[in-house]
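For reference, positions follow the sequence shown, starting with 1. Predicted model only: the values in this text are computed from it and were never measured.
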Amino acid sequence: MGTWSRYAGAIRYAQGGGLNPHEQAERERIRMLAAEGLDRGEKNTDIAKNLRMSVRSVEHWRRSWRDAGLAGLRCSGPAKATKVDPQKFAVLEEELPRGAVYHGWPDERWTLSRLRTLIAYMLGIDLSIRGVWELLRRHA
């Protein structure tokens, strides 16, 4: 455990992980620490335990490391670009204060379903309900 003791504070990340550049860099840092263990020939279970990660993650990293070396463990950036860029979101932000009644609903409640409809109508972008939720969360 001696070589790993200095990494005891390595953070874990959830399924789906972080989205911002800082979180991506932290993920890559943990994968690089795992690469050190892989270089030394350590077992997946030992690396997982020392980095407080799942064995399955380490198995995946080992395959990537074996196929492409350290380059296989580097962060490749976000999985995909967002559908609603900041300029389009600004248009939406201008419309929301007008209220739901202004946009044709019988009361002033903004629901995810109503926002989804408004986004499709105003921006021509079809999002799922979860996609609307994630959009609002990103811009909160």
Side-chain angles (χ1 to χ4, degrees):
M1 174 86 175
T3 40
W4 293 98
S5 60
R6 63 186 162 146
Y7 306 121
I11 64 168
R12 299 168 56 172
Y13 50 90
Q15 194 85 356
L19 300 174
N20 68 43
H22 173 72
E23 292 166 326
Q24 290 173 356
E26 184 59 21
R27 284 183 183 184
E28 186 172 307
R29 183 184 74 80
I30 292 170
R31 288 192 301 268
M32 293 302 122
L33 292 173
E36 292 175 12
L38 296 172
D39 276 334
R40 288 190 297 270
E42 294 181 20
K43 294 180 180 179
N44 292 349
T45 53
D46 293 336
I47 295 170
K49 180 181 175 187
N50 291 322
L51 292 177
R52 297 174 40 214
M53 300 301 296
S54 71
V55 174
R56 188 173 181 120
S57 291
V58 178
E59 290 168 353
H60 175 76
W61 297 339
R62 184 178 292 275
R63 282 191 302 275
S64 297
W65 176 75
R66 186 179 39 229
D67 294 343
L70 287 178
L73 298 177
R74 299 230 183 270
C75 182
S76 60
K80 61 182 178 179
T82 60
K83 288 184 177 181
V84 182
D85 61 35
Q87 293 81 14
K88 290 180 181 176
F89 190 78
V91 170
L92 185 62
E93 278 185 310
E94 289 177 12
E95 291 300 317
L96 293 178
R98 292 183 176 168
V101 171
Y102 176 85
H103 289 285
W105 283 281
D107 57 44
E108 288 296 342
R109 289 179 299 136
W110 277 119
T111 64
L112 293 174
S113 180
R114 289 178 180 184
L115 288 171
R116 178 183 185 210
T117 301
L118 184 68
I119 291 167
Y121 176 75
M122 296 204 63
L123 306 178
I125 299 170
D126 185 29
L127 295 176
S128 65
I129 296 293
R130 181 177 176 108
V132 173
W133 173 254
E134 293 296 327
L135 174 69
L136 295 175
R137 191 173 63 92
R138 273 194 309 274
H139 289 277

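In this structure, L136 CG and E134 CD are separated by 9.5 Å, a value rounded to the nearest 0.5 Å. Distance check, rounded to the nearest 0.5 Å: CZ of R27 to OG of S57 gives 10.0 Å. Interatomic distance, CD of E108 versus CZ of R114, reported as 9.0 Å (0.5 Å rounding).
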Using atom types as modelled, flag every donor-acceptor pair under 3.5 Å from a side chain in residues 91-100 to any protein atom, sequence neighbours excluded.
unit_1: E95; atom_1: OE1; unit_2: R98; atom_2: NH1; d: 3.1
unit_1: E95; atom_1: OE1; unit_2: H103; atom_2: NE2; d: 3.2
unit_1: E95; atom_1: OE2; unit_2: R98; atom_2: NH1; d: 3.0

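Of all non-hydrogen atoms in I125 and I119, the two that sit nearest each other are O-CG2, 3.5 Å. Across all their heavy atoms, E28 and L73 have their closest contact at CG-O, 4.2 Å. Across all non-hydrogen atoms, the minimal contact from D85 to K88 is OD1-N, 2.8 Å. Across all their heavy atoms, N44 and R62 have their closest contact at OD1-NE, 2.5 Å. The two atoms that bring G37 and I47 nearest to each other are C-CD1, 3.7 Å, heavy atoms only.
With hydrophobic clusters built from ILVMFWY side chains whose heavy atoms lie under 4.5 angstrom apart, M32 shares a cluster with L51. Note on I129 and V84: same hydrophobic cluster, where clusters join Ile, Leu, Val, Met, Phe, Trp and Tyr whose side-chain heavy atoms are under 4.5 Å apart, directly or indirectly. A single hydrophobic cluster is seen to contain both I30 and L70, as judged by linkage of ILVMFWY side chains at heavy-atom distances under 4.5 Å, directly or through other members. The hydrophobic clustering, which links ILVMFWY residues whose side-chain heavy atoms are closer than 4.5 Å, places M122 and V101 apart. When hydrophobic clusters are built by joining Ile, Leu, Val, Met, Phe, Trp and Tyr residues whose side-chain heavy atoms come closer than 4.5 Å, directly or via intermediates, V55 is not grouped with M53.
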Item to complete: Could you walk me through whether L127 and L115 pass side chain to side chain contact (heavy atoms under 4.5 Å, CB included), step by step?
Response: CA-CA 10 Å; L127 295 176; L115 288 171; over 6 Å; no
Worksheet entry | side chain to side chain contact (heavy atoms under 4.5 Å, CB included) evaluation trace for K49 with D46 | CA-CA 5 Å; K49 180 181 175 187; D46 293 336; 5.6 Å; no
Discussion item. With side chain to side chain contact (heavy atoms under 4.5 Å, CB included) as the criterion, how do W65 and D39 come out once you've worked through the C-alpha distance, each side chain's angles and the decisive distance to 0.1 Å?
Written reply: CA-CA 10 Å; W65 176 75; D39 276 334; 3.0 Å; yes
Worksheet entry | Verdict with reasoning, E26 to R29, per salt bridge (charged side-chain N to carboxylate O under 4.0 Å, His left out) | CA-CA 5 Å; E26 184 59 21; R29 183 184 74 80; 2.6 Å; yes
Practice prompt. Please assess E59 against R63 for the test salt bridge (charged side-chain N to carboxylate O under 4.0 Å, His left out), listing each intermediate value before the final yes or no.
Written response: CA-CA 6 Å; E59 290 168 353; R63 282 191 302 275; 5.0 Å; no
Item to complete: List the steps and the verdict of side chain to side chain contact (heavy atoms under 4.5 Å, CB included) for T117 and W105.
Response: CA-CA 11 Å; T117 301; W105 283 281; 4.0 Å; yes
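Through direct or relayed side-chain contacts under 4.5 Å between Ile, Leu, Val, Met, Phe, Trp and Tyr, Y102 connects to no other residue.
Counting non-hydrogen atoms of neighbouring residues, nucleotides and ligands closer than 6.0 angstrom, the NE2 atom of H60 reaches no more than 12 such neighbours.
Using a 4.5 Å heavy-atom cutoff, the side chains of R116 and D126 are in contact.
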